[in-house]
Amino acid sequence: GNDGAAGPEISDLLLEGGDRLGEMVELSARGELKNNYAAAVLKRLQSAVASLKDGKKVRHSSKKKATGKGERAGKAPDDLVRIDFRKLDNLLEMVGEAMISRSMLVEAHSRISATSEGGSDLDRAMQLLERSLKGLQEKLVQTRLLPVSNVFRRFVRHVRDQARKEGKLVRLETTGADTTIDKTIIDRLGDPVLHLVRNAVAHGVELPDERKQAGKPEEGTVTLAAEQLSDRVLIAVSDDGRGLNEERIIAHAGKLGYDTETMDRAELLRLIFEPGFTTMDGVSTMAGRGVGLDVAAASIGALGGTVSVESRPGHGVTFRLDLPLTLAVVKALFVEVADELYAIPLNYVLESFRLDPATIHTMDHRRVVSWRDEWIQLVDGRDILRSETTGDAPYCVVLASGPKRCGLLVSSVNSRREVVVKGLDTILGRQEFISGVTTLGDGQVVFILDVAALTNTRFDGSRAIGRADA
């Protein structure tokens, strides 16, 4: 026998075939059954059966894209070891501690070298130690990565069940499912992506008759695509449906007080991520396209990612998610607030500049500034971090989490460097606007700011009074 040939792919096909069979019985009883109703799934089943007879592995209807990272594929069971993920976290923290100790050693060596000659052998040893620790850190980070197929495979049944309820024919296809991403992100990525997939089925893909009149196949397609670019992972959720109704977006935006005449097309489409924004006249079994998208965007932003939307009228919508490869090691911008040093993950930083006090205005009891033709809320770092030291905060760091933006006022903008992120000790409790800590080469502990919390909080002066959209 060809063990494993009929894997999850053939199981999905059989489940889909069973669903279509039940639908055909119901339609036949009402005299509404069409000859080609199940043609697509029957063709795929015939292909699968032929592959099994030839002793070949059944291929999924989705297209797999090589990523160069798929070392998990093809591994024999004896080559795999199950490890508690917390042990990997602890091991990565230990490597981080070793790198900190190495940095302290470098600083001590530089002070000694300044007062003495020689040291070339020690210099070479330090460089070798740095390369070894860096390589060990990279390998450990790779052990935390899992293929996005762990998320994608959950949606096959969701799409099939929802399409049946909506009276539609929809197929889910995936590409780049071998692309890997940090397990921490995988665990939190399912809900926002599922929301986008459900919106695509409910309000993107048309009914079979409408698609036929538009010259499209009666069966619509929702596609999940993933690829890795450097230290980022890009995920696209797209459909081949009707696209966003821009006239409705403009009409609803006008009712909410938005000046759409000054917006370009990208800014106009981004309005669907605003809380409560919807283009639907009524309520269906699922939320209208736009209702709840602010929650999905906020969830992506909390992972250090961004989400954008593209629409082609009559051809469909694509949501693009840009996510970090890992949350364990991040590039951070270091800033001073009063006399304290803080780290901001660079994923969230759009720009930093020296702020002219004359450009600061007050709107609705909030201090704002015009940045790239957009009004953004200003947040004084000295107030939110409860600094008792007085002094100027002349620099503004523009931060973004999802569609939300704010300007953080700081005393100075320092260097950029890569840091190992550590969680806060539970005995400290939950610290507002702090997401973690890191340690520098001199042993100094630096807090990492929670940008998602900052951008989603509305401030009245120095007081946090609720969500930014409230």
Side-chain angles (χ1 to χ4, degrees), residues 67-72 75 79-111 121-147 150 179-188 228-233 303-305 323-334 341-348 414-428 431 434-450:
T67 63
K69 300 290 184 181
E71 295 181 2
R72 298 172 188 273
K75 291 284 187 181
D79 294 335
L80 302 178
V81 178
R82 186 181 296 275
I83 301 176
D84 189 329
F85 188 69
R86 290 170 295 184
K87 292 183 179 179
L88 294 179
D89 275 342
N90 294 337
L91 191 55
L92 187 61
E93 283 195 14
M94 291 174 66
V95 173
E97 295 284 355
M99 295 188 71
I100 292 166
S101 300
R102 179 255 164 204
S103 299
M104 296 173 68
L105 187 59
V106 168
E107 292 188 7
H109 172 55
S110 63
R111 290 194 298 269
D121 290 340
L122 183 56
D123 288 336
R124 285 194 294 271
M126 299 289 284
Q127 292 172 2
L128 180 60
L129 177 62
E130 179 181 15
R131 286 198 300 269
S132 299
L133 287 175
K134 188 70 176 176
L136 179 58
Q137 183 186 68
E138 290 175 355
K139 291 297 183 183
L140 276 174
V141 168
Q142 288 179 14
T143 63
R144 298 165 54 95
L145 306 182
L146 295 176
N150 287 321
T179 304
T180 55
I181 194 169
D182 196 298
K183 181 182 181 299
T184 305
I185 298 177
I186 287 281
D187 291 342
R188 297 161 59 185
Q228 181 181 337
L229 292 178
S230 186
D231 60 348
R232 308 290 294 180
V233 172
L303 295 173
L323 296 157
L325 180 65
T326 179
L327 298 179
V329 180
V330 301
K331 294 176 182 177
L333 175 68
F334 285 80
L341 194 63
Y342 292 89
I344 306 174
L346 271 177
N347 296 334
Y348 298 104
N414 294 355
S415 61
R416 302 179 182 186
R417 66 187 81 172
E418 198 173 72
V419 299
V420 177
V421 179
K422 299 181 182 179
L424 291 172
D425 196 309
T426 53
I427 63 174
L428 296 176
Q431 300 297 309
I434 301 296
S435 63
V437 297
T438 189
T439 309
L440 304 185
D442 58 1
Q444 180 182 1
V445 176
V446 176
F447 286 111
I448 300 173
L449 296 183
D450 186 346

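Keep in mind it's a predicted model, so treat the numbers as computed, not measured. In this chain, residues are counted from 1 in sequence order.
The two residues Y348 and L303 come nearest to each other via the heavy atoms OH-C, 4.0 Å.
Taken to the nearest 0.5 Å, the CZ atom of R416 stands 5.0 Å off from the CG atom of L346. The CE atom of M94 sits 14.0 Å away from the CD atom of Q137 when rounded to the nearest 0.5 Å. The line from CD of Q228 to CZ of R232 is 11.0 Å long, rounded to the nearest 0.5 Å. In this structure, T179 OG1 and L323 CG are separated by 11.5 Å, a value rounded to the nearest 0.5 Å. Within the model, atoms CG of L333 and CG of N347 stand 12.0 Å from one another, a figure rounded to the nearest 0.5 Å. The structure places CG of L325 at 11.0 Å from CG of L229, a figure rounded to the nearest 0.5 Å.
With a 4.5 Å cut-off on side-chain heavy atoms, I185 and P324 count as touching. Under the 4.5 Å side-chain criterion, counting only non-hydrogen atoms from C-beta, L146 is not in contact with I181. Inter-residue side-chain proximity for K134 and K139 is flagged as unmet; no heavy-atom pair is nearer than 4.5 Å. Contact annotation: the side chain of V437 never approaches that of I448 to less than 4.5 Å [non-hydrogen atoms, C-beta and beyond]. Taking the side chain as every heavy atom from C-beta outward, V329 and E138 never approach each other to under 4.5 Å.
Side-chain contact of D450 with S435: a donor-acceptor pair under 3.5 Å is absent, judged by distance alone. For the residue pair S415/R417, the side-chain donor-acceptor check at 3.5 Å is satisfied.
Of the candidates D182, T184, T180, D231, D182 is the only one forming a side-chain hydrogen bond (donor to acceptor under 3.5 Å, both in side chains) with T326.
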Exercise for the section: Check the pair F447, L341 against side chain to side chain contact (heavy atoms under 4.5 Å, CB included), reporting the backbone distance first and the verdict last. Expected result: CA-CA 8 Å; F447 286 111; L341 194 63; over 6 Å; no
Exercise for the section: Evaluate the criterion side chain to side chain contact (heavy atoms under 4.5 Å, CB included) for residue pair L327 and V421; output intermediate values, then yes/no. Expected result: CA-CA 7 Å; L327 298 179; V421 179; over 6 Å; no
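Not one N or O on the side chain of Q142 forms a donor-acceptor pair closer than 3.5 Å with the backbone of R144.
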